[in-house]
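Take a look at the structure below.
Remember, it's a predicted structure, so these values are computed and weren't measured experimentally. Order of appearance sets the numbers: ligands from 1, and atoms from 1 within every ligand.
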Amino acid sequence: MDYKITLNSNEVPKKWYNINADLPVELPMPKNSEGNDQISSLQKAFTKVGLEQEFSTERFIKIPKDVRKLYMQMGRPSPLFRATKLEEYLDTPAKIYYKREDTSPTGSHKLNSAIPQAYFAKKEGIERLTTETGAGQWGTALSLACNLLDLECTVYMVKVSFQQKPDRKSIMNIYNGNVFASPSENTKVGREILAQNPNHPGSLGVAISEAMEEALENEKVKYTLGSVLNHVMLHQTIIGQELKKQLEIAGEEPDIMIACAGGGSNFAGSLFPFIKDKIADKSDTQFIAVEPSACPTLTKGSYEYDFGDVNGFTPMLKMFTLGHDFVAPSVHAGGLRYHGMSPQVSLLTKEGYIEPRSAHQRDVFEAGITFARNEGVLPAPETTHAIKVAIDEALKCKQTGEEKTIVMNFSGHGMLDLKGYASYFEGSMPNSK
Ligand SMILES: *Cc1c(COP(=O)(O)O)cnc(C)c1O
């Protein structure tokens, strides 16, 4: 038995997988809200290639040679581990595998999309990229990607995260990113929000509005998004394609596959290449997306058109949403705070291919600690949601005696999220309702 299944550098996939080609029903297009033209703004804010990929229906899209090289230089393919110590601890007949996106230099899967986005911008003559970041991982990945491709990078970081996570700001600075707490004084929207409420905690929606405003007002500046949109899901599919190969090497056919879901990108990236087979009726794997009960987009939201941001700068997307003015409670330390969800992940959930589940904050941190104590690796708070469900499913197998194969995407490490773990140990972490 292999404890660890690795691939060589040259086994990094040569193409991204585009699920638009295989969706069971057509994906509803973004639309303008009445009397507005956000679609034109979006076209101005994004790179050309990003937009092309957003609406492409080609099944496989070639990864440019230089992007593939950067993937390799940054350590891809990522390894697949078997969680044997955790299996022993749980005393389960189930097998648990985890795909290690935490081995990326920035600690999460986000670099998989940051690299191609920076690459395409550079090719189009852009000088600076802007973005928003919630917990900090996207801003960190984009800062590094921009630096590798000789671009400037401006990051709007949700104010509560900025205050709770000063280390995140430092790491972005190390990678040469400029970081501002959002709402900020840099932009019109930021100034308006601060005028109304100087203590506004910020939200991903507000940060998106600020980053987009900059791109709309300067030709050499483009806006990027680290999740939600189709082209981001596309870039992340290198995870799932590698994973497929690795599971073949291990001789495994997964019964259950699990990933956490904030905007949907690590879920989509790791699982779309497998969901493809389910759509084609060639697999009966169960796919579970896990979200916090404090931000229950897929489990309690409604499937309808809504803005991607708080100010209505973005077009309306058909997705599961809690409403674009939703702000997760600030005691929630588990990440995954976005009000909406990838339209592709939303559609596949609506159509019954994906089962959504929610988990409480204390329970996921407990699962994360159990994982760390057995496997050694400390998961990001987001990742602990997937772990919680993997453990639940493994314990069900213990009761039924089933030897299921459970595979989860380990989206990132938690070495910069120690404050969240500290509040768990202090007992100051409330359970979300
Ligand atoms: C950003 C992030 C997530 C959530 O975003 P998705 O787009 O849903 O993947 C999950 N885990 C980690 C470690 C992240 O950095």
The side-chain contact (heavy atoms from CB on, under 4.5 Å) partner of Ile19 among Ile279, Leu271, Leu27 is Ile279
Looking only at protein heavy atoms, what sits closest to atom 8 (O) of ligand 1 is Gly262 N, 2.7 Å
The answer for which part of Glu101 has a heavy atom under 4.0 Å from ligand 1 is neither
Quick look: Leu336 vs ligand 1, heavy-atom contacts under 4.0 Å, and the answer is side chain
Quick note on ligand 1: atoms under 4.0 Å from a heavy atom of Ser108 include exactly 13 (C), 15 (O)
Under 4.0 Å between a Lys/Arg side-chain N and an Asp/Glu carboxylate O for Arg82 and Glu87?
yes
Ligand 1 atoms nearer than 4.0 angstrom to some heavy atom of Gly264 are 6 (P), 7 (O), 8 (O)
One finds that the ligand 1 atoms under 4.0 Å from a non-hydrogen atom of Ala261 are 8 (O)
Q: Report, as yes or no, whether the 6.0 Å neighbourhood of atom CD on Glu253 holds more than 12 heavy atoms from other residues, nucleotides or ligands.
A: no
The closest protein heavy-atom partner of atom 10 (C) of ligand 1 is Glu382 CB, 3.4 Å
Which of Lys388, Arg357, Lys404 passes salt bridge (Lys or Arg N to Asp or Glu O under 4.0 Å) with Glu393? It is Arg357
Atoms of ligand 1 under 4.0 Å from any heavy atom of Gly412, numbered from 1 in the order shown, are 13 (C)
Side chain to side chain donor-acceptor pair (under 3.5 Å) pairs touching residues 370-380, sequence neighbours excluded, are Tyr98-Glu375
If we number the atoms of ligand 1 from 1 as shown, the ones under 4.0 Å from a heavy atom of Ser411 are 10 (C), 11 (N), 12 (C), 13 (C)
Going by the 4.0 angstrom heavy-atom rule, the piece of Ser265 near ligand 1 is both
Will you find, in the side chains of Trp138 and Thr131, an N or O donor that is under 3.5 Å from an N or O acceptor?
yes
Closest to atom 9 (O) of ligand 1 (heavy atoms only, candidates Asn266, Leu111, Thr133, Val228) is Asn266
**Prompt:** Between the side chains of Thr383 and Ser411, does any donor sit under 3.5 Å from an acceptor?
**Reply:** yes
A student checking ligand 1 against Ser227 at a 4.0 Å heavy-atom cut-off should list atoms 6 (P), 7 (O)
Original post:
How about Glu88: does its CD atom have over 12 heavy atoms from other parts shown lying under 6.0 Å from it?
Top reply: yes
Ranking Lys110, Glu291, Gln137, Met233 by closest non-hydrogen atom to atom 1 (C) of ligand 1, top hit is Lys110
query = What class does the angle between the rings of Phe267 and Phe272 fall in, given that below 30° is parallel, 30 to 60° is tilted and above 60° is perpendicular?
reply = perpendicular
